[in-house]
Every structure is written in structure tokens, then in C-alpha cells.
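This report refers to the structure that appears directly beneath it.
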Amino acid sequence: MFPEELEAWLAEQGVPTRPEHCRRAVAQVVALGRDTLTPTKRPMPKAMVAAINEGLTWQRLTVVERVEDPADGFTKYLFESPDGALTEAVRIPLAKPDTFTVCLSSQVGCAMGCVFCATGRLGLSRNLEAWEMLSAFLTVRDEAPGRVTGAVFQGQGEPFHNYDEVVRAARMLAHPNGGRIGAKNITISTVGLVPAIRRYTREGHPFRLILSLTSSLPERRERLLPVAGKFGMDDVIDAIREHAASSKFALQTIAWVVMGGVNHDQAEVDTLKELLGDLPARINLIDINDSRDDGFRRADEREINELMDALQVLKRPVVRRYSGGQGRDAGCGMLASARLAQPD
Ligand code: SF4
């Protein structure tokens with residue numbers, strides 16, 4: 001609940017309160033991560049605390065597993081929801097020492113069916129609710145050996161396929177009584193659900209957007225990301241262009257999951273150049289997970305370097321994003337799928 005929702009709920013219970021008390025109560029649970037409303041120097045009315053304790057519950061997801069990759073410090077969490085659903089989050093060390101960001105899942109499984117993705121093969125079980133995403137964040141944050149300064153919805157699931165709950169979770173992460181994360185450090189990634197991108201632009205949310213393009217060639221993209229068949233490539237880029245026109249970010253981010261021998265040829269670069277036109281953008285290259293049984297492989301250094309050289313023609317920043325945690329099954333979707341593959 002946001003403070004104003006708590007205030008409305010208390011009013012329904014006939015409990016008088018003031019906005020600052022509600023802000024304080026939310027801050028205790030979310031900003032400070034407490035599991036009880038504890039007495040503070042600035043007290044809250046006893047009747048309000050009693051009503052909250054009796055009438056509301058707040059809980060954390062159960063941590064089933066934590067797996068740290070000592071090679072790079074990525075720590076993957078596997079959480080269990082009350083209904084037994086498994087979901088993942090990853091604590092990612094940032095370049096600045098002792099600071100981290102958290103990669104969050106938005107769904108249990110995913111309906112998008114990207115052929116190179118372990119989560120895509122699980123199919124969609126259900127959407128995560130905002131509280132579940134927030135709970136995963138709070139646990140990772142509270143256990144971090146440093147400061148968590150960002151969050152990215154790029155774990156299991158397509159965030160815009162669960163639009164309302166993801167945006168609600170992001171708003172709570174950015175709230176001064178909530179996660180206290182700067183909105184510009186919260187990122188939502190999408191494979192390109194055009195109506196949702198347009199809605200997001202209309203609503204004017206302050207969070208960063210990543211378009212996971214991965215191929216600029218329509219047929220290839222549709223083969224790799226079947227959902228791409230629903231939207232024309234030009235529509236996807238137009239939606240991002242509209243977003244760029246109203247967003248505060250100087251550059252839009254285009255993510256490219258590089259698969260060895262698949263999507264790093266000159267035709268990709270030429271078509272991407274045409275597609276982007278004058279769109280201010282940066283390109284993030286992301287390595288695909290290495291240990292795979294689906295016929296895809298990680299691009300080797302020569303392939304990546306050739307692609308990076310070829311992309312210079314775009315005259316835009318090209319960044320190779322480290323895809324960590326793979327030594328310990330801590331890459332995207334790997335922990336949940338490894339566990340689901342185990343017999344009971
Ligand atoms: S890559 Fe993302 S959108 Fe595609 S199937 Fe995997 S989790 Fe879903």
C-alpha cells in the first residue's frame with residue numbers, strides 16, 4: 001500500500017490518522033524493511049498501529065536458495081510464493097564498489113516464447129503481484145553487503161505483459177517511503193509490446209525503458225522472438241521514437257542478445273542503421289548464457305569484436321553488457337528452470 005491507500009483503508013476502519021503517520025508506517029515496512037511497526041521517536045497513534053497489526057498482513061517471499069558466483073559476485077535468489085510459485089532475482093555488483101542493482105522477475109515463467117531463453121521454455125504460470133516483486137527486492141536489498149541503488153525488471157517474464165503490477169512495483173521502489181531508489185535507476189525491459197510502450201509513454205512514467213530488439217531483420221526476429229510477429233518492426237521503433245520524444249533520458253536503450261552464428265552479420269547492422277534513423281540510442285550487447293541445450297551458443301570474442309566494429313557505423317554508444325552469474329546457474333532463468341527440472 002502507498003501511504004494514501006493506507007490512509008483510505010484506515011478511514012474505512014473508522015481509525016483516525018494523519019498523512020504523516022501513514023507515511024511513517026509505510027516507511028517502517030518498506031524503506032526500513034522492518035517486519036513489525038516498532039516504536040520510534042515520532043510515535044504513531046496506538047489505535048492505528050493496532051488496526052494495522054490486526055487487519056493487514058505483510059510478508060516476505062521465502063528464500064529457497066541463494067547462489068553466489070564467486071567469479072563475479074552475482075548472487076541469484078530463488079524465492080517461493082505462498083502458492084508454491086518459484087521466482088528469481090539477482091543481486092548484481094555495480095562498477096562503484098559496494099553498490100548493487102537488483103534484477104527482478106515480473107512473471108512466473110513467460111508467455112513470449114523467445115527460443116533462446118530458458119524462461120521462455122517454461123511457459124507462463126502467472127503474473128507476479130507488485131508485493132511479490134517488492135518483497136524480492138527488499139530481501140535482496142536487506143542482505144546486500146553494501147547499498148542497492150537500482151532495480152531492473154529484466155528477469156523472468158515480459159514486464160509489459162504484467163503492466164499494472166510492474167508499474168505499481170516500480171512506483172513503490174521509487175517512493176520516498178518505499179524503496180527510495182532514484183526513478184532514473186529503475187529500468188523496465190520489453191521485447192516490444194507496442195500498445196504497452198505507447199501506454200507507458202502516454203502515462204509519462206519516469207523509469208528507463210529498454211527495448212530488447214536482438215535482430216533488425218523481421219523474419220529472423222520473429223523466429224527468435226515469436227511475439228515479434230504481432231507487431232511490425234517499424235511500429236516497434238515508432239513507439240520507441242514516441243517515447244524518446246517525451247522521455248527525460250537522452251538516449252533510448254536497445255538491447256541485443258548476441259547468439260554465435262545467428263544475429264551478428266552485416267545485414268543486421270545495415271538494417272538497424274536504417275531502422276534507427278536519427279533516434280538517439282545506445283546499443284547494449286548481451287551475451288547469451290553459455291551452458292545450453294537448445295542449439296544456440298555464445299558468440300566468441302572474434303564474432304563480438306567484429307559486430308562491435310561494424311556497429312561503429314551507427315555513431316552511437318555500443319556497450320557490451322556483462323552477463324554474469326553463469327558459472328553457478330545464476331544467469332537469466334537458469335535457477336528456476338534447473339529446479340523445475342529436478343524430480344520431486
Ligand atoms: S527473453 Fe524475456 S521475454 Fe523472451 S521468453 Fe525470456 S523472459 Fe520472456
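For clarity, every value in this text was computed on a predicted model and none was experimentally measured. Order of appearance sets the numbers: ligands from 1, and atoms from 1 within every ligand.
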**Message:** Quick check against the 3.5 Å criterion: does Asn177 have a side-chain atom that pairs as donor or acceptor with the backbone of Val26?
**Reply:** no

**Message:** Distance check, rounded to the nearest 0.5 Å: Thr101 atom OG1 versus Phe137 atom CZ?
**Reply:** 8.0 Å

**Message:** At less than 4.0 angstrom from any non-hydrogen atom of Gly157, what atoms of ligand 1 do you find?
**Reply:** 7 (S)

**Cation-aromatic face contact Arg91/Tyr77, 6.0 Å, 45 degrees** = no

**Prompt:** Quick one: does ligand 1 sit under 4.0 Å from the side chain of Cys110, the backbone, both or neither, non-hydrogen atoms only?
**Reply:** side chain

**Fill in**
Taking only non-hydrogen atoms of Val191 and a 4.0 Å limit, the atoms of ligand 1 in range are 3 (S)

**Asked** Near atom 4 (Fe) of ligand 1, is there an N/O/S atom from Cys117 that is less than 2.8 Å away?
**Response** no

**Request:** Scan side-chain atoms only and decide if Arg147 and Thr99 contain a donor-acceptor pair under the 3.5 Å cut-off.
**Result:** no

